[in-house]
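Okay, so here's the structure we're looking at.
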2 protein chains.
Amino acid sequence: MLNDLHIQEQEVIDEHKECVRYRKGDVIFHEGGIPKGIYCIRKGGVKISKMTSQGKEQILFLSQPGDFIGYRALIGEEVYNATATSIEDSSICYIPKSDFLEIMHRNPAFFNKMIKKVCNQLGIMEQNLTIIAQKSVKERLATTLLMLKESYGMDGDESTLIDIRLSREEIANVVGTATETVIRLLSTFKNEGLIDFDGKRIKVINEEQLKKLAVA
Amino acid sequence: MLNDLHIQEQEVIDEHKECVRYRKGDVIFHEGGIPKGIYCIRKGGVKISKMTSQGKEQILFLSQPGDFIGYRALIGEEVYNATATSIEDSSICYIPKSDFLEIMHRNPAFFNKMIKKVCNQLGIMEQNLTIIAQKSVKERLATTLLMLKESYGMDGDESTLIDIRLSREEIANVVGTATETVIRLLSTFKNEGLIDFDGKRIKVINEEQLKKLAVA
DNA sequence: CATCAACTGTGATTGCCATCACAAAAGTAT
DNA sequence: ATACTTTTGTGATGGCAATCACAGTTGATG
């Protein structure tokens, strides 16, 4: 995302940004907090999630190295409506609000890229909402596994492996279901030869069949 | 939204826009179609909805006079991922892509307003997704009724009336549930004195209680 | 205003999935 | 290594809500 900036702009960012290491479980920003800058993930992984009044977590999306997080609330001039939590040891850069907004307004191409990004994200969220509202848990889990493979699939030999370590509970909080249900369904998928797993490492064995399930 | 434009820009739009009347049920744009402009509602009402492969409809949001629709796909340079359908007789202006984009890029304040708008919309969608994923149908229906009152509540005498005529099926497709379930729950709410209705005109009688239900 | 279609409403039934309870395994810390 | 916490896994149970079936009502249309 930052690649399109001019050299002098990159320098501004390099000067002002500060990179911080976060341990697994550390919170980067919290629902209700006031955004004072944006974050860019260099290494590791982050989950963006909301808590309901009953203390249930809904994971909205997962972010990887290269992704910006926290820009929605900053640009929208709202408080954070979700919490960002490191799901593994991560290195994350912080770019102060003033620097970010200045660059965005000085550089029309970058501004353009940002608004496109937000629009695409909105499209994804509309799609996810529809899936959660209209499909069964089994179909949603299949969809989630395919999404994870898309985002975290490996190259080469291990191309079937989903290279992210999520707990069963976290998968449940993406799908919007109970942890036990995820455990049971993953076992079913394993028995049916759709996937394989040992602990948290999940492999997609029969992607075609999984896709059929997902659209069912 | 258009009020912030300069006078000459308003003139450009006035020259190029064309306003069309749509009857109830008419489709303004269709999922999968290529956006060639944006729409601004002058009169009436529009639902934006997605269809699942099983033919189930999910209503993503409802638009009123003054609202833009179709800008997400246009700006994001995607095909429409939802369908816009007139839910009553409406008058809707069409602004060609080139005019809209030119004005957006010429007028930084307007550009800013647009990106803020998309960010806010994304926040709303994230909130809705969480509600649908984590709350019971009863809680979601209560939330939807409150949202409808917020958007379509009247002033003065009839301040309790929700001034929009949605079928039970359409309400169900907002909430993400079956039509029969909505019918039953609305009757329950009526019996409990939370709401009152005669046909499609719904009144909120006990907003406080409804709010308690919604957050439950 | 007659006819048909669409919508509202009610009852019965099924089943998906949440919840509770608890055992086993894995990971973490001392 | 040992104790403790967290995570994974399994079984039993119950309830919410989808689905099916059909009656009554409203509304559209020629």
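Chain A is the first sequence line, chain B the second, and so forth, proteins listed ahead of strands; every chain is numbered from 1.
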> For residues 163-182 of chain A, which residues have at least one heavy atom under 4.0 Å from DNA chain C?
Replying inline: A/T177, A/A178, A/E180, A/T181

>> What I want to check is whether the side chains of A/E57 and A/S49 have a donor and an acceptor closer together than 3.5 Å.
In response: yes

> the helix from C/dC1-D/dG30 to C/dT30-D/dA1: angle between its terminal axes, five pairs each, to 10°?
Replying inline: 60°

> Picking from A/T188, A/T160, A/L210, what satisfies side chain to side chain contact (heavy atoms under 4.5 Å, CB included) with A/I195?
Replying inline: A/L210

> Heavy atoms under 4.0 Å, any strand shown: does B/K56 hit a base, just sugar-phosphate, or nothing?
Replying inline: sugar-phosphate

> At under 4.0 Å between heavy atoms, what does B/K200 touch on the DNA or RNA strands: base, sugar-phosphate, or nothing?
Replying inline: sugar-phosphate

> Do any pairs count as a ring-ring contact (aromatic ring centres under 6.0 Å, His included) and have a residue in residues 72-91 of chain B, sequence neighbours left out, and if so which ones?
Replying inline: B/F29-B/Y80

> side chain to side chain contact (heavy atoms under 4.5 Å, CB included) between A/I132 and A/V175: does it pass, once the steps are laid out?
Replying inline: CA-CA 7 Å; A/I132 288 188; A/V175 174; over 6 Å; no

> In terms of heavy-atom contacts, does NZ of A/K190 have more than 12 from other residues, nucleotides or ligands at under 6.0 Å?
Replying inline: yes

> So, A/R201 and A/D163, do they make that salt bridge, N to O below 4.0 Å?
Replying inline: yes

> For DNA chain D, whose closest nucleotide is more 5', that of B/L185 or that of B/R23?
Replying inline: B/L185

> Pick the nucleotide of DNA chain D nearest each of B/V137 and B/K24; which residue has the one closer to the 5' end?
Replying inline: B/V137

>> Assess the residue pair B/V46 and B/T85 against the criterion (side chain to side chain contact (heavy atoms under 4.5 Å, CB included)); give the C-alpha distance rounded to whole Å, side-chain angles, the decisive distance to 0.1 Å, and a yes or no.
In response: CA-CA 5 Å; B/V46 171; B/T85 311; 5.8 Å; no

>> How about CG on A/D198, more than 12 heavy atoms from neighbouring residues, nucleotides or ligands closer than 6.0 Å, or not?
In response: no

> 5' to 3' on DNA chain D, which nucleotides open and close the contacts with chain B (atom under 4.0 Å from a heavy atom)?
Replying inline: D/dA17 to D/dC20

> Applying side chain to side chain donor-acceptor pair (under 3.5 Å), which residue pairs with at least one partner in residues 28-39 of chain A are found, sequence neighbours left out?
Replying inline: none

> Is any side-chain N of the basic residue among A/R168 and A/E180 closer than 4.0 Å to the acidic one's carboxylate O?
Replying inline: no

>> Under 2.5 Å between the SG atoms: is that true for B/C19 and B/C93?
In response: yes

> Does the pair A/R23/A/E88 count as a salt bridge with the N-to-O cut at 4.0 Å?
Replying inline: no

> When you check the gap from the basic side-chain N to the acidic O, do B/K50 and A/E126 get nearer than 4.0 Å?
Replying inline: no

>> Reading DNA chain C from 5' to 3', where do the contacts with chain B start and stop? Cut-off is 4.0 Å to heavy atoms.
In response: C/dC7 to C/dA12

